[in-house]
Amino acid sequence: MTNLEIASHFSELASLMELHRENPFKIRTYQNVNTTLKKMSTEVADMSAAELAAIKGFGAAVQDKIRQLNETGEMSTLKKYQDMTPPGIRELVKVRGLGPKKIRVLWKDLGVESIGELLYAINENRLIELNGFGLKTQSSIKEKLEYFNRQRHKYRYASLEPVAMEFWELIKALTDVKVKWSGALRRRAQVIDKIELVVEHGFDNSILNNHEIINVTSNSAFLIDGMYRENYSFEIHIAPESLYYSFLAKMTGSDTYSARLKDIDSADSEEEVFLKSGLTFWPPELREEIHFDQKFDSSELIKEQDIKGVIHAHSTYSDGFDSLKALALHCKKQGFTYLGITDHSQSAVYAQGLSIESLEKQWDEINQLNQAISDFQILKGIESDILNDGSLDYPPEVLSSFDFIIASIHSVLNMDIERATSRVIKAIENPYTSIIGHPTGRLLLARPGYPLDFEKIIDACAANDVSIELNANPYRLDMDWSHIPMAVEKGVMISINPDAHSMRGVEHIKYGVLAARKGGLYRSQCLNTLEVDQFLKQLKK
DNA sequence: GTATGATCATACTGCTTGCTGGTGCAAGC
């Protein structure tokens, strides 16, 4: 079992125990196990018993539960709490903004046992009779449930990618004809609802019947759809004879885009289809509406290997899993030439944000490491919280000591568009701000983020020489790729940042690069494709 | 349930916000 899978078991256990009012310290322990597992760079399945026992917060009971998961795929304690909780209530626990205390009241006092029943009760105005509930709480719960329902049965690209790869390999092994990804998956959309494949004419659609992990729900001469491994929808489109590449190109692009492509008989490649349709060939990720009439030089598009520096990473000084030294050595080994370390600032108490004293300690260590590690540089950065009024949370004399500053919002995420926009603009106008971090605060499929007037944000960045982060964490991918053309047009540089909380987190850069390519970003428009000297020079411009 | 300092007992990120009910609490980061 992977760390992420194990982590989700502990996270569910903690939530269910909270719902059943168990010992809060046990709950805290399981929540900590969840966060630790998500940050770790080594799979616990590959670790020895002694190595597992050495991890802080992993005592005998936790080790035992991990062992059980790895050996049987199940955890008996979790099973016990699952059996005590109706399935609909277990689903409610996953809705953001609705905590265990409120859910318990809804379940025990109102008798609600599912999302559907809860929405019905809200429509009958029945929540306001409950203790601790009022009209505002009722309508905010309704909003959150509706958002949750809209996002159901969708996947973030990073979580679907390995499954889609596995499915593609499985189909390829069953047939001799050509098979390729298509649709939103091939366009590398950040949120996707199904795996789509295009297969060449001649595909024998009976081979999927009675397959143990593929469940076909409808099967015609042109389209097969069904479920893979119980919870992944798929569609297999069968190309008409001699039109494989035309069909593939059409099934990959968005609707309006595909309408411009012609049926080219017996084409040997997608490039030929584009050429004979009178269009420039674009890689799949760019085949979206908003690029319709734009011109791109696809050889200039950013690639993963163009990124020179790892910007935005957390170490054990705040809430990261790995030490500063381990992170730096890892980045060097991966071929990067610099690391911009950005632990949390002092007001981020929940993430052990750095006091001024801890900052000085970190700077001493950075100086020593920079002496010791050759051909590599660690830059002194910080992810400074943007406070409610838009100010940063260190005094100017401290802010001026950093090599660069990422300013991000981590609290009060519910401002309206005017207040949120002016808050961010004030942070952009701060003379010490270099980069605006995860600008909208969204979490894909979980939280929409606060509303922002993005044009004003981009204008303010252009006026103040501030770059915008494309946070590469697959849950964020924030800024959204669709805003990249506007930023680029106004000369604002984009920094593709992993927001790494461990060595492994550095890998997320690849998802940021995919999103940046969707936005049509060239390597010259990306801040951290610059070598370290140019990077620093660009900041000081 | 775990870590720590002393052998069983004790402490465990903390602050802000907004809602509800007239001060306390849930939820979020």
Side-chain angles (χ1 to χ4, degrees), chain A residues 9-11 13-19 21-38 52-66 68 75 77-78 81 92-106 127-144 314 316-320 343-355 358 383-389 391 393 408-416 419-420 423 437-438 440-443 446-450 471 473 475-476 478 499 501:
Chain A
H9 283 78
F10 277 95
S11 163
L13 177 61
S15 304
L16 291 180
M17 285 176 73
E18 229 178 333
L19 190 65
R21 296 201 272 215
E22 298 293 353
N23 176 350
F25 296 107
K26 281 191 185 184
I27 295 165
R28 164 81 52 89
T29 299
Y30 297 140
Q31 286 167 338
N32 289 343
V33 171
N34 170 46
T35 6
T36 305
L37 282 169
K38 285 204 276 199
L52 195 61
I55 302 170
K56 193 162 186 270
F58 286 34
V62 167
Q63 292 166 47
D64 195 55
K65 289 178 172 62
I66 292 177
Q68 216 187 94
M75 188 207 289
T77 321
L78 174 60
Y81 285 99
L92 267 181
V93 170
K94 295 178 192 148
V95 178
R96 241 168 213 266
L98 194 53
K101 307 265 164 59
K102 291 252 188 279
I103 295 176
R104 193 179 165 88
V105 175
L106 295 167
L127 267 58
I128 53 171
E129 302 151 17
L130 299 166
N131 266 345
F133 288 75
L135 261 180
K136 287 205 169 178
T137 303
Q138 179 174 268
S139 67
S140 101
I141 291 177
K142 185 179 183 204
E143 232 168 69
K144 278 156 184 160
H314 300 264
T316 44
Y317 276 91
S318 67
D319 63 345
D343 276 301
H344 284 283
S345 61
Q346 54 187 355
S347 66
V349 187
Y350 58 90
Q352 300 94 51
L354 271 66
S355 64
S358 317
E383 184 178 19
S384 178
D385 265 34
I386 301 176
L387 305 177
N388 289 4
D389 63 353
S391 58
D393 70 338
S408 314
I409 287 182
H410 292 109
S411 57
V412 198
L413 306 173
N414 53 0
M415 287 186 177
D416 59 39
R419 284 182 67 207
R423 180 187 188 188
H438 47 71
T440 74
R442 76 173 178 191
L443 293 177
R447 184 174 76 198
Y450 39 85
N471 191 297
N473 185 307
Y475 280 76
R476 293 190 183 269
D478 179 18
D499 197 355
H501 284 73

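Chain A is the first sequence line, chain B the second, and so forth, proteins listed ahead of strands; every chain is numbered from 1. Keep in mind that what you see is a predicted model, and the values were worked out from it rather than measured.
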Using whole Å, report how far NZ of A:K102 lies from P of B:dC25. 12 Å
Once you round it to whole Å, what is the distance between P of B:dC15 and CG of A:L413? 19 Å
Work out how far the P atom of B:dA9 is from that of B:dC15, and round it to whole angstrom. 31 Å
Is there a donor-acceptor pair under 3.5 Å between the side chain of A:E22 and the backbone N or O of A:I27? no
Which value, in whole Å, describes the distance between the P atoms of nucleotides B:dT2 and B:dA6? 22 Å
Here's a test of your reading of the structure: between A:Y30 and A:F25, which maps to the more 5' nucleotide of DNA chain B? A:Y30
Run through DNA chain B and report every stem of 3 or more consecutive Watson-Crick or G-U pairs, distances under 3.5 Å, ordered by first number. B:1-5 with B:8-12, B:14-19 with B:24-29
Where does B:dT20 land, syn or anti, given syn is within 90° of 0? anti
Categorize A:P24 for me: base, sugar-phosphate, or nothing, with a 4.0 angstrom heavy-atom threshold over every strand shown. nothing
What distance separates A:F10 CZ from A:M75 CE, expressed to the nearest 0.5 Å? 4.0 Å
Taking only residues two or more places apart in sequence, or in another chain, which ones meet A:R423 in a salt bridge (charged side-chain N to carboxylate O under 4.0 Å, His left out)? none
Send over the distance from A:D385 CG to B:dG14 C1', rounded to a whole Å. 13 Å
Taking atom CZ of A:R104 as the centre, report whether more than 12 heavy atoms of other residues, nucleotides or ligands fall under 6.0 Å from it. yes
Is a donor on one side and an acceptor on the other found under 3.5 Å between the side chain of A:D393 and the backbone of A:S347? yes
Take a 6.0 Å sphere around OH of A:Y81 and say whether it holds more than 12 heavy atoms from other residues, nucleotides or ligands. yes
Whole Å only: how far is the NZ atom of A:K144 from the C1' atom of B:dA27? 8 Å
Euclidean distance for C1', B:dA26 against B:dT20 (whole angstrom): 11 Å
By the 4.0 Å heavy-atom rule, please label A:A351 as base, sugar-phosphate, or nothing. nothing
Which part of the nucleic acid, if any, lies within contact of A:V62, taking any heavy atom under 4.0 Å across all strands shown: a base, the sugar-phosphate backbone alone, or nothing? sugar-phosphate
Nucleotide nearest A:R96 (side chain, heavy atoms from C-beta), chosen from B:dC12, B:dA26, B:dG28: B:dG28
What distance, rounded to whole Å, do you find between the two P atoms, one in B:dC12 and one in B:dG18? 29 Å
Could you give the distance separating B:dG28 and B:dT23 at their P atoms, to the nearest angstrom? 27 Å
Rounded to whole Å, how long is the line connecting atom CD1 of A:I55 with atom P of B:dG1? 18 Å
What pairs with A:H314 under ring pair (Phe, Tyr, Trp, His ring centres under 6.0 Å), at least two apart in sequence or on another chain? A:H312, A:H344, A:H501
Whole-Å gap separating C1' (B:dG28) and CZ (A:R442): 20 Å
Relative to the 5' end of DNA chain B, which residue comes earlier, A:I103 or A:K56, by the nucleotide with the nearest heavy atom? A:K56
Short side-chain to backbone donor-acceptor contact, A:D478 and A:N471, under 3.5 Å: no
Atom-to-atom span, CG of A:N32 to C1' of B:dC12 - whole angstrom: 9 Å
Rounded to whole Å, NE2 of A:H344 lies from P of B:dG14 at a distance of 17 Å
Contacts table for residues 127-138 of chain A: side-chain donor-acceptor under 3.5 angstrom, sequence neighbours left out:
| unit_1 | atom_1 | unit_2 | atom_2 | d |
| --- | --- | --- | --- | --- |
| A:Q138 | OE1 | A:L127 | N | 3.1 |
| A:Q138 | NE2 | A:N125 | OD1 | 2.6 |

Could you tell me which residues satisfy side-chain hydrogen bond (donor to acceptor under 3.5 Å, both in side chains) with A:S358, sequence neighbours excluded, listed by chain and number? A:S355
Using a 4.0 Å heavy-atom cut-off, write out nucleotides 18-23 of chain B from 5' to 3' as B (base contacted by protein), S (sugar-phosphate only) or - (no contact). SSSS--
